[in-house]
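Just below is one structure, and these are the notes that go with it.
Worth saying up front: this structure is predicted, and the values here are computed from it rather than measured. Computed over heavy atoms, backbone and side chain alike; hydrogens, waters and symmetry mates excluded.
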Amino acid sequence: METQKLTTPLPDEQFVILLEQARGPRGQQAMLELLSYYEPEMRQLSRYMPMEREDAMQALRLELIEMLNETS
């Protein structure tokens with residue numbers, strides 16, 4: 001049976017701050033922090049995608065970036 005790592009949840013306030021910063025003109029660092037936070041989940045999801053692992057990771061990263069950049 002596979003063991004799951006327990007990650008510390010990102011507080012809502014911190015997520016909103018990072019999201020606003022990431023959407024700003026110089027939001028590269030905030031976007032990298034968000035990508036880093038979701039990296040373990042993306043690694044796990046990439047195992048079930050019918051493509052090379054690194055291609056799956058890139059697809060998941062791109063999708064997350066596009067989702068985070070959408071304006072409501």
From [X] [atom1] over to [Y] [atom2], what is the distance, rounded to the nearest 0.5 angstrom?
X     : Y     : atom1 : atom2 : result
Gln14 : Glu33 : CD    : CD    : 7.5 Å
Glu70 : Arg23 : CD    : CZ    : 8.0 Å
Ser36 : Met31 : OG    : CE    : 13.0 Å

Check your understanding: How about Gln28: does its CD atom have over 12 heavy atoms from other parts shown lying under 6.0 Å from it?
Key ->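 It does not: Gln28 CD has 12 such atoms or fewer within range.
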Review point. Which pair of non-hydrogen atoms, one from Ala56 and one from Ser46, has the smallest distance, and what is that distance?
Key: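 Scanning both residues completely, I find the closest heavy atoms to be CB-CB, 3.7 Å.
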Point to revise | Glu41 vs Leu60 side-chain heavy atoms within contact, under 4.5 Å | key: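 The answer is no, as the side chains (C-beta and beyond) never meet within the 4.5 Å cut-off.
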**Study point:** Close side-chain approach of Leu68 to Leu64, heavy-atom, < 4.5 Å
**Key:**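 They are in side-chain contact.
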Check your understanding: Which pairs count as salt bridge (charged side-chain N to carboxylate O under 4.0 Å, His left out) when at least one residue sits in residues 9-21, sequence neighbours excluded?
Key ->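 Of all non-adjacent pairs touching residues 9-21, none passes salt bridge (charged side-chain N to carboxylate O under 4.0 Å, His left out).
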Exercise for review: Could you list all the salt bridge (charged side-chain N to carboxylate O under 4.0 Å, His left out) pairs where at least one residue sits in residues 50-59, not counting sequence neighbours?
Suggested key: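 Matches after skipping sequence neighbours: Glu54-Arg61.
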Exercise for review: With side-chain contact (heavy atoms from CB on, under 4.5 Å) as the test, would you mind laying out the steps for Leu18 and Tyr37 before giving the verdict?
Suggested key: CA-CA 11 Å; Leu18 285 172; Tyr37 178 76; over 6 Å; no
Exercise for review: Report yes or no: do Ile17 and Leu34 belong to one cluster of Ile/Leu/Val/Met/Phe/Trp/Tyr joined by side chain heavy-atom distances under 4.5 Å?
Suggested key: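 Hydrophobic grouping puts Ile17 apart from Leu34.
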Point to revise | Joint hydrophobic cluster, Met51 plus Leu62, side-chain heavy atoms closer than 4.5 Å | key: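 No.
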Check your understanding: Hey, does the side chain of Arg26 reach the backbone of Gln21 with a donor-acceptor pair shorter than 3.5 angstrom?
Key ->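 Not confirmed, Arg26 side chain does not pair with Gln21 backbone.
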